[in-house]
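Everything numeric in this text was worked out from a predicted model, so none of it was measured.
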Amino acid sequence: MATVSPSLLFFARVLGLAVAVLVLIWALAFKSSFLTPSLSQQDLIYAVLHPLLMVIGFILLSGEAILVHRWLVGSRGLKKLVHLWLQGVALASGIFGIWTKFQGKDGIVANFYSLHSWMGLASVSLFGAQWLIGFLNFWHRGEVRTVRIRILPWHVFLGLYTYALAIATAETGLLEKLTFLQTKRNVPKHSTESMVVNSLGLGLALLSGFVILVAVSPNYQILQSKLLYSETRCLSS
């Protein structure tokens with residue numbers, strides 16, 4: 001089993017929990033920030049669901065899927081299955097999270113104008129393609145090992161890139177929302193809500209660092225090299 005420093009996993013889990021708590025506090029304790037006089041109660045639900053689904057459902061679950069190979073005890077098949085299902089739930093959360101933004105009274109066009117919206121659509125689309133390619137090549141039994149060996153490095157790279165892109169997308173969304181609140185709603189820069197949003201952004205930045213560090217840890221790389229070497233020998237024998 002791939003082993004990493006327990007402290008790295010511990011800090012990753014603590015930061016993930018802190019991020020979840022902060023986004024819940026922001027979405028539930030400051031609901032007025034997501035509500036304008038023109039929005040109905042149903043629109044408020046959609047507005048609150050968006051950060052919850054994209055941060056907890058999309059980012060945190062996809063990060064946990066990356067960490068599965070480090071802490072889960074069992075066969076490679078079990079780890080692959082758990083990884084696949086966690087990424088699938090994360091993808092569903094991302095798709096539904098984007099869908100909630102398209103339910104406003106102004107429709108899709110009015111909500112698809114900012115860098116945040118463009119990056120969000122790009123990250124979820126890339127994530128979906130990555131999940132499908134991973135399923136076809138690493139779970140579907142019809143693929144030969146030589147194909148899996150060639151694709152594995154690219155699968156790892158694109159997985160980490162998509163995760164980092166999702167983090168960057170969340171950061172742009174937080175900045176966009178906080179700027180709007182401070183300029184349009186006159187929310188003080190040193191208010192409790194501003195501190196919560198800034199802490200959430202910092203927590204996401206730190207979390208991504210620990211998750212990626214665990215993913216590229218030397219122990220894991222050595223194990224992957226051994227697995228690839230053993231599979232190559234099996235093919236040549």
>> I'd like to know if the side chain of His83 and the backbone of Ala65 have a donor-acceptor N/O pair within less than 3.5 Å.
In response: yes

> Given the rule that I, L, V, M, F, W and Y join up when any side-chain heavy atoms are under 4.5 Å apart, are Leu52 and Phe102 in one cluster?
Replying inline: yes

> Going through the checks in order, is the side chain to side chain contact (heavy atoms under 4.5 Å, CB included) test met by Val156 and Val216?
Replying inline: CA-CA 9 Å; Val156 174; Val216 300; over 6 Å; no

> Quick one: does Ser93's side chain have a donor or acceptor within less than 3.5 Å of a partner on Met54's backbone?
Replying inline: no

> Run the side chain to side chain contact (heavy atoms under 4.5 Å, CB included) check on Leu174 and Leu204 step by step: do they pass?
Replying inline: CA-CA 11 Å; Leu174 294 176; Leu204 284 169; 4.1 Å; yes

>> Taking Thr172's backbone N and O only, do any of them form a donor-acceptor pair with His116's side chain (distance below 3.5 Å, no angle check)?
In response: no

> Ala20 and Val23: which non-hydrogen atoms are nearest, and at how many Å?
Replying inline: O-CG1, 3.2 Å

> If you round to the nearest 0.5 Å, how far is CH2 of Trp131 from CG of Leu84?
Replying inline: 5.0 Å

> Can you get from Tyr161 to Leu60 by hopping between Ile, Leu, Val, Met, Phe, Trp and Tyr side chains that sit under 4.5 Å apart?
Replying inline: no

> What are the two closest heavy atoms between Val19 and Gly203, and how far apart are they?
Replying inline: CG2-C, 3.6 Å

> Out of curiosity, Leu126 CG to Met119 CE, how far, rounded to the nearest 0.5 Å?
Replying inline: 12.0 Å

> Among all residues two or more places apart in sequence or in another chain, which pass the salt bridge (Lys or Arg N to Asp or Glu O under 4.0 Å) test with Glu193?
Replying inline: none

> Minimum heavy-atom separation for Leu160 to Ala215, with atom names?
Replying inline: CD2-CB, 3.7 Å

> Rounded to the nearest 0.5 Å, how far apart are CD of Glu171 and CG of Leu200?
Replying inline: 7.5 Å

>> Could you report the tightest heavy-atom contact between Gly16 and Leu207, atom names first, then the distance?
In response: N-CD1, 3.8 Å

> Are Leu28 and Leu22 connected in the hydrophobic side-chain network, where two residues link if heavy atoms are under 4.5 Å apart?
Replying inline: yes

> When clusters are formed by joining ILVMFWY residues with side-chain heavy atoms under 4.5 Å apart, either directly or through shared neighbours, do Trp118 and Leu165 land in the same one?
Replying inline: no

> Hey, any chance Trp154 and Phe127 share a hydrophobic cluster, counting ILVMFWY side chains that come within less than 4.5 Å of each other, even indirectly?
Replying inline: no

> Within a strict 4.5 Å, meaning less than it, do heavy atoms of the Phe11 and Leu206 side chains meet?
Replying inline: no

> How far apart are the closest heavy atoms of Phe96 and Leu53, and which atoms are they?
Replying inline: CD2-CD1, 3.2 Å

>> Would Leu67 and Leu72 count as a side chain to side chain contact (heavy atoms under 4.5 Å, CB included) here? Give the steps.
In response: CA-CA 8 Å; Leu67 298 177; Leu72 185 62; over 6 Å; no

> Taking the six-membered ring where the residue is Trp, are the ring centres of Trp99 and Tyr46 under 6.0 Å apart?
Replying inline: yes

> Under a 4.5 Å cut-off applied to non-hydrogen side-chain atoms, are Leu15 and Val211 in contact?
Replying inline: no

> What is the distance from atom CD1 of Ile66 to atom CG of Leu86, rounded to the nearest 0.5 Å?
Replying inline: 11.0 Å

>> Can you confirm whether Ile133 sits close enough to Leu158 that some side-chain heavy atom of one is under 4.5 Å from a side-chain heavy atom of the other?
In response: no

> About how many Å separate CZ of Phe58 and CG of Leu61, when rounded to the nearest 0.5 Å?
Replying inline: 10.5 Å

> Do Thr192 and Met195 have side-chain heavy atoms sitting under 4.5 Å apart?
Replying inline: no

>> Under the criterion side chain to side chain contact (heavy atoms under 4.5 Å, CB included), I'd like the reasoning laid out for Ile59 against Tyr163: C-alpha separation, chi angles, the key distance, then a yes or no.
In response: CA-CA 7 Å; Ile59 292 177; Tyr163 176 74; 4.2 Å; yes

> Which pair of heavy atoms, one from Leu178 and one from Ser194, lies closest together, and at what distance?
Replying inline: CD1-OG, 3.8 Å

>> Within the structure provided, determine whether Pro51 and Phe34 are in side-chain contact (heavy-atom separation under 4.5 Å).
In response: yes

>> Under 6.0 Å from the ring centre and within 45 degrees of the ring axis: does the NZ or CZ of Lys101 meet both conditions for the six-membered ring of Phe112?
In response: no

>> Could you measure the distance from the CG atom of Leu8 to the CZ atom of Phe210? Nearest 0.5 Å is fine.
In response: 6.5 Å

> Are Glu176 and Ser114 close enough that a side-chain donor and a side-chain acceptor fall under 3.5 Å?
Replying inline: yes

